[in-house]
Engineer: 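Here it is, the structure, as structure tokens.
For the numbers below, each heavy atom of this structure counts, side chains included, while hydrogens, waters and symmetry mates do not. Here is the naming used below: chain letters follow the sequence lines, and residue numbers restart at 1 for every chain.
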2 protein chains.
Amino acid sequence: MTTADNLTKFLPLYAQVKQLLVQRLIDKTWTPGMGLPSENQLAAELKVSQGTVRKALDEMAAEKLVVRRQGRGTFVAEHTQEQALFHFFRLVDAEDQQKIPESEVLSLEVAEANELEVQRLGINSGDQVTRIERLRRLDGLPVIYEIISVALRLMPNVAEEARLPNSLYGLYQRDYGLSVLKAVERVRAVNASTPETTLLGIKSGTALLEIERTATSLDGQAIELRVSRCHTDKYRYMVELT
Amino acid sequence: MTTADNLTKFLPLYAQVKQLLVQRLIDKTWTPGMGLPSENQLAAELKVSQGTVRKALDEMAAEKLVVRRQGRGTFVAEHTQEQALFHFFRLVDAEDQQKIPESEVLSLEVAEANELEVQRLGINSGDQVTRIERLRRLDGLPVIYEIISVALRLMPNVAEEARLPNSLYGLYQRDYGLSVLKAVERVRAVNASTPETTLLGIKSGTALLEIERTATSLDGQAIELRVSRCHTDKYRYMVELT
DNA sequence: GAGTGGTCTAGACCACAAT
DNA sequence: TTGTGGTCTAGACCACTCT
């Protein structure tokens, strides 16, 4: 590894190697599911020891950017339906069992971004967004009403999709090369009004859990804003703090 | 490290070393704030290489069991007021700034455990608990009403404390050697009734965020149950998913 | 059998903190 | 100056996967 390889100096060598490898994920030199070169190949290419490459890859594996499999190789992490749902969907039943929802699309529109969408998606005032309105069921009962917003510029053809999958994150990755790797959720309690009262079959004023999620990609770019209102009489939002 | 050192075989050496070191934290051979022997001393004692000890200690540092300081040594992690509050208190204001609450104790009693306390604290039906009822303020305004329950057997003298600190986790550690290292929070939305309406100055039926937290120690023992009802008109419960 | 990641070791050098 | 953890290297051997 020459001095010109990396302008951010004063970093340990393994951290520089990691930055370089992460950059190749960002610029899509390596795409989800693809196998990376072996540790020895990378070490030879970058002129560092195998141990240094290993430390970089181990950190990337800890951050779930890559998956390492003994005897097979190192692969770029990819989203499957189940992974994305289990990873980001945090509602559990009374026995702490994670539940996976079904989804029904209620409406789909392209419109000018509102103030929250501008702020969270990092777009300009006046930009357009695609908005998806969904009702989600757990154990067959309607529990969640949510509105999903994505920037039209980032994903031009979402509204033309014939059939939207239950987990949209696989679609973002497959059709637009956008991998949701991080998310921030801001949660509060709100009193139900229309349309939740009708859709969820509850009285006006019933307390609902509102989850506002901003999902971002590897390089910190906002991919999706999602505001979900959940009826939490039978379910809980569970978080583990460590 | 001889074969008799550890009965759980078929584990990598560094994992066995880690288990052994963690055991010394559990049995309080090393207590919070105390410095551990150096990597070389541990390596010599356990008859493994320094690199193997290093890998064990690095994992323990990642789990925040120990703190490593270059040039000084490795120390058992300890709770300070600020650390515990910042780590477990997740309410933020509109600018995503983490807020630290003041606390006012409303009542303190010893009583027979209810069903939830029995379940969450892993105690027997009929066992006694100490219950603390608190009102917490953010920016001077009452925002949280909470009830904290701890097993009387585990912490016999909490009710005799002259003055309970804002963060109880430091007290648990100092007076009873119980370090809260993990917590599970189950969150739902509820409609306010007494006494929250009076204490928080809100109308009956206002949606409140209810956070039920079970805090556990290193060996998985439940230390505390806490049910907090939060007025989330000005604040959000924020979680980062990675 | 060949190639991969996983473990373990040994040694060198560096950055930092205490004395 | 001494001792600590942090980085980097090189090499050996193991466990697993594929062909």
Side-chain angles (χ1 to χ4, degrees), chain A residues 1-3 5-6 8-22 24-25 30 32-78, chain B residues 1-3 5-6 8-22 24-25 30 32-78:
Chain A
M1 169 168 273
T2 68
T3 52
D5 282 343
N6 205 309
T8 60
K9 294 299 180 43
F10 311 126
L11 267 185
L13 193 49
Y14 75 88
Q16 295 179 40
V17 170
K18 182 182 167 188
Q19 280 193 344
L20 193 150
L21 298 180
V22 168
R24 294 194 185 170
L25 298 183
W30 299 318
M34 189 182 290
L36 270 62
S38 74
E39 293 181 353
N40 280 322
Q41 287 173 319
L42 288 170
E45 178 198 337
L46 303 176
K47 305 269 201 304
V48 300
S49 78
Q50 190 207 19
T52 300
V53 173
R54 167 175 293 278
K55 184 149 183 175
L57 287 174
D58 280 347
E59 284 199 357
M60 291 168 71
E63 293 169 24
K64 299 191 203 303
L65 302 183
V66 297
V67 176
R68 315 196 76 191
R69 279 183 281 220
Q70 191 176 75
R72 299 199 47 204
T74 303
F75 302 84
V76 183
E78 57 185 334
Chain B
M1 169 170 273
T2 67
T3 53
D5 281 344
N6 203 308
T8 62
K9 295 299 180 44
F10 311 125
L11 268 185
L13 193 50
Y14 74 88
Q16 295 179 41
V17 170
K18 182 182 166 190
Q19 280 194 343
L20 192 150
L21 298 181
V22 169
R24 294 195 185 169
L25 298 183
W30 300 318
M34 188 181 291
L36 271 62
S38 74
E39 293 180 354
N40 281 322
Q41 287 173 316
L42 288 171
E45 177 198 338
L46 302 176
K47 307 266 201 304
V48 300
S49 78
Q50 190 206 19
T52 300
V53 172
R54 169 175 293 279
K55 184 148 185 177
L57 287 173
D58 280 348
E59 284 199 358
M60 290 168 70
E63 294 169 22
K64 299 191 201 302
L65 302 183
V66 297
V67 176
R68 316 196 74 192
R69 278 183 282 222
Q70 192 176 73
R72 300 203 41 208
T74 303
F75 302 83
V76 183
E78 58 184 334

Engineer: Rounded to the nearest Å, what distance is computed from the CZ atom of residue B:F10 to the C1' atom of nucleotide C:dG6?
Structural biologist: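 Answer to the nearest Å: 18 Å.
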
Engineer: Output the distance between atom CG (B:L13) and atom CG (B:L46), rounded to the nearest 0.5 Å.
Structural biologist: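 With rounding to 0.5 Å, CG (B:L13) is 9.0 Å from CG (B:L46).
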
Engineer: Atom CG in B:D58, atom CZ in B:R68: separation rounded to 0.5 Å?
Structural biologist: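 Here the rounded value is 5.0 Å.
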
Engineer: Quick check on D:dC8: is either OP1 or OP2 less than 4.0 Å from any side-chain nitrogen or oxygen of A:S49?
Structural biologist: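 It does not, given that no N or O in the side chain of A:S49 lies less than 4.0 Å from OP1 or OP2 of D:dC8.
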
Engineer: So does A:K55 get a side-chain nitrogen or oxygen closer than 4.0 Å to the phosphate oxygens (OP1/OP2) of D:dC8?
Structural biologist: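 No.
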
Engineer: Which atom pair, heavy atoms only, marks the closest approach of B:M34 to B:W30?
Structural biologist: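 Answer, listing the atom of B:M34 first, then B:W30: SD-CA, 3.7 Å.
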
Engineer: Measure from CG on B:L36 to C1' on D:dG3 and round the result to the nearest Å.
Structural biologist: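 Roughly 16 Å, once rounded to whole Å.
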
Engineer: In whole angstroms, how far is the C1' atom of D:dG5 from the CE atom of B:M60?
Structural biologist: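 Nearest whole value for this atom pair: 15 Å.
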
Engineer: Closest approach of A:P32 and A:A77, non-hydrogen atoms and distance?
Structural biologist: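 Between these two residues, the closest heavy atoms are CB-O, 3.6 Å.
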
Engineer: To the nearest Å, how far apart are A:R68 CZ and D:dT17 P?
Structural biologist: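 Nearest whole value for this atom pair: 15 Å.
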
Engineer: Please report the distance, rounded to the nearest Å, between NZ in A:K47 and P in D:dC8.
Structural biologist: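 After rounding, the gap between these two atoms is 17 Å.
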
Engineer: Determine: side-chain N/O of A:T74 to OP1/OP2 of C:dG5, distance under 4.0 Å, yes or no.
Structural biologist: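 For A:T74, the contact criterion (side-chain N or O under 4.0 Å from OP1 or OP2 of C:dG5) is met.
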
Engineer: From B:S38 OG over to B:Q50 CD, what is the distance, rounded to the nearest 0.5 angstrom?
Structural biologist: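 Rounded to the nearest 0.5 Å, the OG-CD separation comes out at 8.0 Å.
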
Engineer: How long is the line joining CZ of A:R54 and P of C:dT7, in whole Å?
Structural biologist: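 After rounding, the gap between these two atoms is 8 Å.
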
Engineer: Show the distances under 3.5 angstrom between N or O atoms of the protein and N or O atoms of nucleotides 11-16 of chain D.
Structural biologist:
from	atom 1	to	atom 2	distance (Å)
D:dC16	O4'	A:Q70	OE1	3.0

Engineer: Of the listed nucleotides (D:dT7, D:dG6, C:dT9), which one gets closest to any side-chain atom of B:V48?
Structural biologist: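 In terms of side-chain proximity for B:V48, the closest of D:dT7, D:dG6, C:dT9 is C:dT9.
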
Engineer: Looking only at heavy atoms, which two atoms of B:L21 and B:A56 are closest? And how far apart?
Structural biologist: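 Residues B:L21 and B:A56, closest heavy atoms: CD1-CB, 4.4 Å.
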
Engineer: Counting only side-chain N and O atoms of B:T52, is one of them less than 4.0 Å from OP1 or OP2 of C:dT9?
Structural biologist: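 Affirmative; the distance criterion is met.
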
Engineer: Can you tell me the distance, in whole Å, between the CG atom of A:L13 and the C1' atom of C:dA15?
Structural biologist: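 So the CG-C1' distance, A:L13 to C:dA15, works out to 16 Å.
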
Engineer: Distance from A:L42 atom CG to A:L57 atom CG, nearest 0.5 Å?
Structural biologist: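 It is 6.5 Å, given to the nearest 0.5 Å.
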
Engineer: A:S38 side chain N/O closer than 4.0 Å to the phosphate oxygens (OP1, OP2) of C:dT4?
Structural biologist: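 Answer yes for this pair, as a side-chain N or O of A:S38 is under 4.0 Å from OP1 or OP2.
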
Engineer: Return the value, rounded to whole Å, for the distance between atom CG of B:N40 and atom P of D:dT2.
Structural biologist: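 Between P of D:dT2 and CG of B:N40: 16 Å.
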
